[in-house]
Chemist: 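Would you mind keeping the following structure in view while I ask a few things?
Just so it is clear, the model here is predicted, and its values are computed rather than measured.
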Amino acid sequence: MLMGSRNATRAAMSGRELRQAPANAHDLRRAAVLTSVAALGLLAACASPPRGGDPRDLVCNSAQQCRVIVTVDCAGACRASVDHPHVHARGNDVVWIIDNKPGQNYRFAASDGVAFKTSAGRAVFRCHAEAAGNRYACMNQRTPGEYEYAIHLDGTPAVPPLDPWIVN
């Protein structure tokens, strides 16, 4: 009797309701695989080194666009900051420019105003001061990778180094 009532219930269901339910175990496995792939993608994104995603990040499509502004804020302890914490240089040269506020006279340190922290970074980027220390330019050898660098400024009061990233 119970079996007969199940068949009667199935017969009463419309064709549309039957199509919405998973057709077989293959459909369930496919849904499980897609869910697993999506979860792994999210996990990989969380475990990755610094990448784009911050709206302040800079993606360079030409050397003329690859400009980073450096400012010093002295509300409390003086600290340097950049308008683009991650630069996606894409093989383009990069230029940093100091934007001094009234009464400030900061300049890039002559020998290491922009200094790459690894030998790989120093091999990819050849850097030098320009415009009496108000600008620092790095020629890019276009080797793919992620490179952490430090910005060193001279001026008073002293400012600790800032450590942003370039992605090539």
Chemist: Heavy-atom distance under 4.5 Å between the side chains of Phe125 and Asp93, does that happen here?
Modeler: no
Chemist: Ile166 versus His88: any side-chain heavy-atom pair under 4.5 Å?
Modeler: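 No - every pair of side-chain heavy atoms lies 4.5 Å or more apart.
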Chemist: If you take all heavy atoms of Pro85 and Asp54, which pair is closest and at what distance?
Modeler: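 Minimum heavy-atom contact is CG-OD2, 3.8 Å.
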Chemist: Not counting sequence neighbours, which residues clear side chain to side chain contact (heavy atoms under 4.5 Å, CB included) with Arg67? List them please.
Modeler: Val95, Ile97
Chemist: Using 0.5 Å steps for rounding, measure from the CZ atom of Phe116 to the CD atom of Glu148.
Modeler: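 Spacing of CZ (Phe116) from CD (Glu148) equals 10.5 Å.
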Chemist: Donor-acceptor pair, distance only, cut-off 3.5 Å: does the side chain of Arg107 make one with the backbone of Gly133?
Modeler: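 No; zero donor-acceptor contacts below 3.5 Å.
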Chemist: Compare all side-chain heavy atoms of Tyr149 with those of Cys138 and state whether any distance is below 4.5 angstrom.
Modeler: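 SC-SC contact between Tyr149 and Cys138 ruled out.
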Chemist: Do Asn168 and Arg90 pair up side chain to side chain, a donor and an acceptor below 3.5 Å, judged on atom types alone?
Modeler: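 Result is no, nothing qualifies.
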Chemist: Sequence neighbours excluded, which residues qualify as side-chain hydrogen bond (donor to acceptor under 3.5 Å, both in side chains) partners of His152?
Modeler: Asp112
Chemist: Answer whether the closest heavy-atom distance between the side chains of Val87 and Pro164 falls below 4.5 Å.
Modeler: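 No, their side chains stay 4.5 Å or more apart.
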Chemist: Quick one: closest heavy-atom pair of Gln104 and Cys74, and the distance?
Modeler: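 Closest heavy-atom pair between Gln104 and Cys74: NE2-SG, 4.3 Å.
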Chemist: Measuring only between side-chain heavy atoms, which start at C-beta, is Phe108 closer than 4.5 Å to Leu153?
Modeler: yes
Chemist: Taking Leu58 as the starting point, is it possible to reach Trp165 by hopping between hydrophobic residues whose side chains are less than 4.5 Å apart?
Modeler: no
Chemist: If Ile, Leu, Val, Met, Phe, Trp and Tyr residues are connected whenever their side-chain heavy atoms lie under 4.5 Å apart, and connections chain through other members, are Val159 and Leu162 in the same group?
Modeler: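 Same hydrophobic cluster.
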Chemist: Just jot down the ring-ring contact (aromatic ring centres under 6.0 Å, His included) partners of Tyr106, sequence neighbours excluded, or say none.
Modeler: none
Chemist: For the residue pair Asp73 and Lys101, establish whether any side-chain heavy-atom pair is separated by less than 4.5 Å.
Modeler: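 They are in contact (side-chain heavy atoms under 4.5 Å apart), so the answer is yes.
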Chemist: Go through the structure and list residues passing side-chain hydrogen bond (donor to acceptor under 3.5 Å, both in side chains) with Tyr136, not counting sequence neighbours.
Modeler: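 Partners of Tyr136 under the side-chain hydrogen bond (donor to acceptor under 3.5 Å, both in side chains) test: none.
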Chemist: More than 12 foreign heavy atoms under 6.0 Å from CZ of Arg122: is that the case here?
Modeler: yes
Chemist: Applying side chain to side chain contact (heavy atoms under 4.5 Å, CB included), name anything that partners Thr71, two or more places apart in sequence or on another chain.
Modeler: Ile69, Ser81, Asp99
Chemist: Provide the closest heavy-atom pair for Ala89 versus Cys60 in the form atom of the first, atom of the second, distance.
Modeler: O-CB, 3.6 Å
Chemist: Which heavy atom of Ala129 sits nearest a heavy atom of Ala110, and at what distance?
Modeler: CB-O, 4.3 Å
Chemist: Considering non-hydrogen atoms only, spot the tightest contact between Gly121 and Tyr147 and give its length.
Modeler: CA-CD2, 3.4 Å
Chemist: Applying side-chain hydrogen bond (donor to acceptor under 3.5 Å, both in side chains), can you list everything that pairs with Asn92, at least two apart in sequence or on another chain?
Modeler: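 Partners of Asn92 by the side-chain hydrogen bond (donor to acceptor under 3.5 Å, both in side chains) criterion come out as none, since no residue qualifies.
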Chemist: May I ask you to test the Arg56-Asp83 pair for a side-chain heavy-atom distance under 4.5 Å?
Modeler: no
Chemist: Quick one: closest heavy-atom pair of Ala150 and Pro161, and the distance?
Modeler: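 That would be CB-CB, 4.5 Å.
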